[in-house]
Visitor: 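Questions regarding the structure given below will be posed in turn.
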2 protein chains.
Amino acid sequence: MEEIPKDKVTDASQGLRAIAHELRLSVLCLLLDGPMCVHELMEATGAAQSNLSQHLTKMRLMGIIKNEKRGQQVFYRIANPAWGDLVHALKQIYCPEMCAISGGDV
Amino acid sequence: MEEIPKDKVTDASQGLRAIAHELRLSVLCLLLDGPMCVHELMEATGAAQSNLSQHLTKMRLMGIIKNEKRGQQVFYRIANPAWGDLVHALKQIYCPEMCAISGGDV
DNA sequence: CATTAATATTCGCTATTGCTAATATAATAG
DNA sequence: CTATTATATTAGCAATAGCGAATATTAATG
């Protein structure tokens, strides 16, 4: 494997912390399907408004998601599509049966 | 995208927490190249023995790594190779220049 | 058995995280 | 301007995480 410079490991570990939370990971997964506004995320997750807002702020400050104001609503979207690959890898680990691996030697 | 059951999101977020730390992520990356014993990890990371041991224990309890005793040494290895894919996705996000994507439409 | 090397565990402390309740801001409607 | 809706921010607290120092355990060696 490639050597990763120390400061990149620092960045990456901080990025991981930003999604290493049940609610924040749920939000990330939801946003993989496209942008959503806060109250849509509230309904989808069942989270309290203040709590959700704080988590969204944290993810935004860590560069995971971006926001865009439209009228009185704020839409959030994933900043880098590569997070989709990471979530996919996570699925392979925690719900392999969902990934339905067609061909692979054990 | 596929819907992920809530309990799987819980598991996955806990798994992420287990690697969302600079030292633990470093250990994960090191172990991607193969098993290592504790003092090798100490040298490679520069971490204090007690501290490293605590982090290894945490990762082991979370099922990220496994250990095997050989003599008075304990070797650690990654429990699921799919963590390599996840680290790869992380590299795409935090050090894209290292991934040297050959062909890809922007 | 005594010593040393490798690793794990416990303790005490500080720092960080996560949550709720309350309050603030901003846009829109009337 | 007032009220309402959508979202953000702040404060205060409980829970968790992370660290070093000290101690315990386990295996090898003499």
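Fair warning: this is a prediction, and the values are worked out from it, not measured in the lab. The sequence lines fix the lettering, A, B, ..., with proteins before strands; numbering per chain opens at 1.
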Visitor: Counting the atoms with a prime plus P, OP1 and OP2 as sugar-phosphate, which does R60(A) contact under 4.0 Å by heavy atoms, base, sugar-phosphate, or nothing?
Guide: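 No contact at all - R60(A) keeps every heavy atom at 4.0 Å or more from the nucleic acid.
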
Visitor: Please determine whether any donor N or O and acceptor N or O are separated by less than 3.5 Å between the side chain of Q73(B) and the base of dT26(D).
Guide: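 Side chain to base: no pair present.
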
Visitor: Hey, does the side chain of H39(A) come within less than 4.0 Å of dT7(D)'s phosphate (OP1/OP2), counting only N and O?
Guide: yes

Visitor: Can you measure from CG (L16(B)) to CD1 (I64(B)) and round to the nearest 0.5 angstrom?
Guide: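 Answer rounded to 0.5 Å: 8.5 Å.
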
Visitor: May I have the distance from N51(B) (atom CG) to dC13(C) (atom P), rounded to whole angstrom?
Guide: 19 Å

Visitor: Can you see if the side chain of Y76(A) gets near the phosphate of dA8(D) - specifically, an N or O under 4.0 Å from OP1 or OP2?
Guide: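 It does, given that an N or O in the side chain of Y76(A) lies less than 4.0 Å from OP1 or OP2 of dA8(D).
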
Visitor: Hey, what do you get for CG (N67(B)) to CZ (R77(B)), rounding to the nearest 0.5 Å?
Guide: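 If we round to the nearest 0.5 Å, N67(B):CG and R77(B):CZ are 9.0 Å apart.
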
Visitor: For dA17(D), does OP1 or OP2 lie under 4.0 Å from any side-chain N or O of R17(A)?
Guide: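 R17(A) to dA17(D) OP1/OP2: no side-chain N or O under 4.0 Å.
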
Visitor: Assess whether side chain to side chain contact (heavy atoms under 4.5 Å, CB included) is satisfied between I93(B) and D85(A), documenting all intermediate values.
Guide: CA-CA 10 Å; I93(B) 298 168; D85(A) 300 336; over 6 Å; no

Visitor: Does a nitrogen or oxygen in the side chain of H55(A) sit under 4.0 Å from OP1 or OP2 of dT17(C)?
Guide: no

Visitor: Would you indicate which nucleotide in dT7(C), dT17(C), dG20(D) comes nearest to any side-chain atom of Q54(B)?
Guide: dG20(D)

Visitor: Does E22(B) contact dG18(D) through a side-chain donor or acceptor facing the base, at a distance under 3.5 Å?
Guide: no

Visitor: Under 4.0 Å: is that the gap between some side-chain N or O of H21(A) and OP1 or OP2 of dT16(D)?
Guide: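 Looking at the OP1 and OP2 atoms of dT16(D), neither is under 4.0 Å from any side-chain N or O of H21(A).
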
Visitor: Rounded to the nearest 0.5 Å, what's the gap from CZ on F75(A) to CE on M36(A)? Could you check?
Guide: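 Spacing of CZ (F75(A)) from CE (M36(A)) equals 9.5 Å.
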
Visitor: Starting at CD of Q14(A) and ending at P of dT16(C), how long is that distance when rounded to a whole Å?
Guide: 12 Å

Visitor: Whole Å only: how far is the CG atom of L23(B) from the C1' atom of dG20(D)?
Guide: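 That distance rounds to 14 Å.
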
Visitor: When rounded to the nearest 0.5 angstrom, what distance separates CD in Q54(B) from CG in L23(B)?
Guide: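 Output value for this atom pair is 10.5 Å.
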
Visitor: Measure from CG on L56(A) to P on dC19(C) and round the result to the nearest Å.
Guide: 12 Å

Visitor: So does K58(B) get a side-chain nitrogen or oxygen closer than 4.0 Å to the phosphate oxygens (OP1/OP2) of dG18(D)?
Guide: yes

Visitor: I need the CZ-P distance between F75(B) and dA6(C), as an integer number of Å.
Guide: 12 Å

Visitor: Rounded to whole angstroms, how far apart are CZ on R24(A) and C1' on dC19(C)?
Guide: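 Roughly 12 Å, once rounded to whole Å.
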
Visitor: Return each pair, listed once, that meets side-chain hydrogen bond (donor to acceptor under 3.5 Å, both in side chains) where at least one residue sits in residues 8-21 of chain B; pairs must be two or more places apart or across chains.
Guide: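 Found E22(A)-T10(B).
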
Visitor: What's the spacing between M42(B) CE and N51(B) CG if we round to 0.5 Å?
Guide: 10.5 Å

Visitor: Which value, rounded to the nearest 0.5 Å, describes the distance between L25(A) atom CG and M59(A) atom CE?
Guide: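 CE of M59(A) is found 8.0 Å from CG of L25(A).
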
Visitor: Between protein and nucleic acid, restricted to nucleotides 22-28 of chain C and to nitrogen or oxygen atoms under 3.5 Å apart, what atom pairs and distances do you find?
Guide:
| residue | atom | partner | partner atom | Å |
| --- | --- | --- | --- | --- |
| dA27(C) | N3 | Q72(A) | OE1 | 3.4 |

Visitor: Which whole-number value in Å describes the distance from L52(A) CG to dT17(C) C1'?
Guide: 17 Å

Visitor: May I have the distance from M42(B) (atom CE) to dA6(C) (atom C1'), rounded to whole angstrom?
Guide: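 Computing the M42(B):CE to dA6(C):C1' distance gives 9 Å.
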
